[in-house]
Amino acid sequence: MTNLEIAWIFSEIADLLELKEESSFKVRAYRKAAKTIKHLSDDLGSLWKKGKLTELPGIGKNLSDKIAELLSTGQCAFHQRLKEEVPVTLRELLAIPGLGSKSVRLIHERLHVNNMEELEAAAKEKKIRTLPGMGSKTELNILRSIEMLKQNAQSEVPIGVALPLANLFLNDLKRLPEVTDGAICGSLRRGKELVKDIDLLIATRNPDLVRQTVLKHPQVKDIITSGNEKSAVLTWLGVKVEVRTVSPDQFWSALHHLTGSKEHHERLRQRARSLGLKVNEYGIFPEGSEVSLEIKGEEDIYRATGVPYIPPELREDSGEWEAALENDLPRLLELEDIKGDLHLHTSWSDGIHSIEEMADAARRKGYEYIAITDHSRSLGIANGLSIERLQEQHALIKQMNSQSADLKILTGVEADILQDGRLDYPDEILEQCDVVIASIHTGFRQEMEKLTLRAEAALKNPYVHILAHPTGRILGRRKPYDIDLDRLFQLAKAEGKALEINSSIDRLDLNAALARRAAYEFEIPIVINTDAHDVSRLEEMAYGVTTARRGWLTKEQVVNTKSKLELDKFLKRRRIE
DNA sequence: GCCGTTTTCGGCCCGACTGTTTTCAGTCG
């Protein structure tokens with residue numbers, strides 16, 4: 001039985017306990033354990049054999065026994081018993097916004113509703129409004145929500161879609177009179193690659209004006225809630241936008257509060273409480289006091305609890321508190337640290353702009369170097385370069401470099417990894433390139449062993465420097481390749497090859513968690529590239545850097561923060577080996 | 001059900017919004 005299966009069972013137990021209205025703390029204990037197990041990198045089975053289950057946070061005697069039971073028998077008696085007492089199909093009703101365990105239980109007991117279909121029928125027959133505490137609005141909400149759930153199963157949007165939309169709202173709201181400040185918060189500020197909604201905070205003395213503006217905004221399709229301090233709307237893009245207003249003196253504590261994550265805050269409040277402080281969105285209050293400590297920035301909130309500032313990207317309760325308490329937080333990579341982009345396409349293959357145009361755009365960004373890495377010959381659909389055209393391109397780049405010294409243009413190629421693991425050009429051609437990127441563009445539905453062998457063969461090629469978009473996933477559209485990443489990471493480490501964080505808004509591959517593993521567990525150098533096919537997409541470097549920051553990466557772990565000279569050493573060293 | 005620099009019991013984060021009420025419970029983030 002896998003970690004994930006056990007996590008699912010614990011999560012189901014939590015829901016069933018909640019529906020039974022058992023202690024919310026017990027429910028929380030199961031939820032927390034499910035989350036811990038889901039994100040665990042070690043196998044539960046081996047931890048069990050070593051007797052180390054109770055060393056996991058939130059796993060005590062009882063839960064470790066249940067894990068052992070599941071691992072040895074494949075079942076858990078407690079879970080089975082719960083399923084007999086509570087219909088599992090009631091769980092799906094919890095997905096309806098506005099319905100929690102209390103309401104679901106009430107509906108189940110009084111109306112004998114067991115699943116979503118029966119709920120819909122009961123609502124249509126106007127039976128819901130006969131229950132105590134429920135009226136016609138609740139009934140309507142249920143019907144509307146079921147309709148929505150039927151329509152869109154997946155409701156997360158990529159950061160690259162959410163961020164521009166968030167800025168559109170933010171810029172409009174910040175221009176209003178009496179608005180002193182505004183910011184993006186929530187998971188978007190933490191840099192998550194997919195977000196469920198957009199959270200905005202506005203500091204103002206006129207919250208009513210802000211609310212009216214939000215509700216009337218041209219992007220708004222539907223109003224979800226509208227209160228004195230908080231409004232929520234559904235945009236035409238299907239993304240929910242929540243706007244919270246606070247008075248200007250509460251801006252920083254509210255910004256911190258709304259940035260989350262929930263789990264990070266729970267730890268903060270626990271710690272604050274142990275120091276005799278209460279933390280909420282309005283400030284930090286010494287026990288019994290109505291007056292907040294002075295807060296002039298988020299730093300002050302952490303300082304009050306005796307730890308250094310924790311950047312938003314780390315606020316996931318994934319080790320940042322432990323690191324902060326040890327004063328061992330990483331000094332995260334900044335966008336300004338990036339000195340160049342090593343994966344660019346031009347009109348020579350399937351890009352839009354010429355080498356000159358891409359180079360000019362890079363100069364405007366203050367880069368020291370770029371690599372032109374057009375597609376290789378077998379990728380006909382992308383107008384891949386023949387050997388002759390590649391050499392012609394190299395000659396042109398050499399000439400351009402001789403005419404201008406401010407930006408070094410490296411010659412390169414994004415070489416396809418062919419079906420048998422060979423690269424798309426012979427070694428003597430690859431040797432002539434300053435930068436060789438290897439990537440899989442075909443046959444990504446092959447079985448794991450074959451795909452892994454292909455990527456391994458590429459990593460073993462002495463002229464390859466970088467493996468691009470290593471998992472091949474496309475956000476919301478294509479799952480990662482079925483590839484053995486542990487083997488790739490081992491080999492990349494042994495061969496001294498770099499792995500890419502591809503910043504393109506629909507890739508972000510490696511993702512934050514994998515980049516963190518590659519860099520910390522395997523000490524693999526990471527390179528952050530845009531894979532831009534036109535000048536505007538050079539700006540997507542920001543998304544790659546955010547992803548790297550969420551993966552705890554420092555400047556030292558990232559190849560393209562190196563100076564021209566240092567980069568040259570890195571590229572040459574690989575080739576000599 | 002877990003946990004401990006207030007330690008083996010008694011806590012466990014905190015507040016806003018909605019819908020239904022006439023002061024609040026349930027839900028959500």
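Base orientation of B/dT7: syn, the glycosidic angle falling within 90° of 0.
At least one side-chain nitrogen or oxygen of A/S103 sits closer than 4.0 Å to the OP1 or OP2 atom of B/dT27. Remark: A/S23 is not in phosphate contact with B/dG1, judged by side-chain N or O atoms under 4.0 Å from OP1 or OP2. Checking the phosphate oxygens (OP1, OP2) of B/dC12, a side-chain nitrogen or oxygen of A/R273 falls inside 4.0 Å.
Residue contacts for A/K278: at a heavy-atom cut-off of 4.0 Å it reaches the sugar-phosphate backbone alone, with no base atom in range. Using a 4.0 Å heavy-atom distance criterion, A/S136 is classed as a sugar-phosphate-only contact. Using a 4.0 Å heavy-atom criterion, one finds that A/K262 contacts the bases of the nucleic acid, with or without backbone contacts as well. As judged by a 4.0 angstrom heavy-atom cut-off over every strand, A/V27 is placed among residues making no nucleic acid contact. At the heavy-atom level, A/I96 lies under 4.0 Å from the strands shown only through sugar-phosphate atoms.
Look at B/dT8: it lacks any Watson-Crick or wobble partner with both distances under 3.5 angstrom.
Each of A/T225 and A/R28 was matched to the nucleotide of DNA chain B holding its nearest heavy atom; the match closer to the 5' end belongs to A/R28.
A cation-pi geometry, defined here as NZ or CZ lying under 6.0 Å from the six-membered ring centre and within 45° of its normal, holds between A/K66 and A/F78.
Relative ring orientation between A/Y302 and A/Y309 is described as perpendicular, the plane-to-plane angle rising above 60° on a 0-90° scale split at 30° and 60°.
Atom name C1', nucleotides B/dG1 and B/dT8: the rounded distance is 15 Å, in whole Å.
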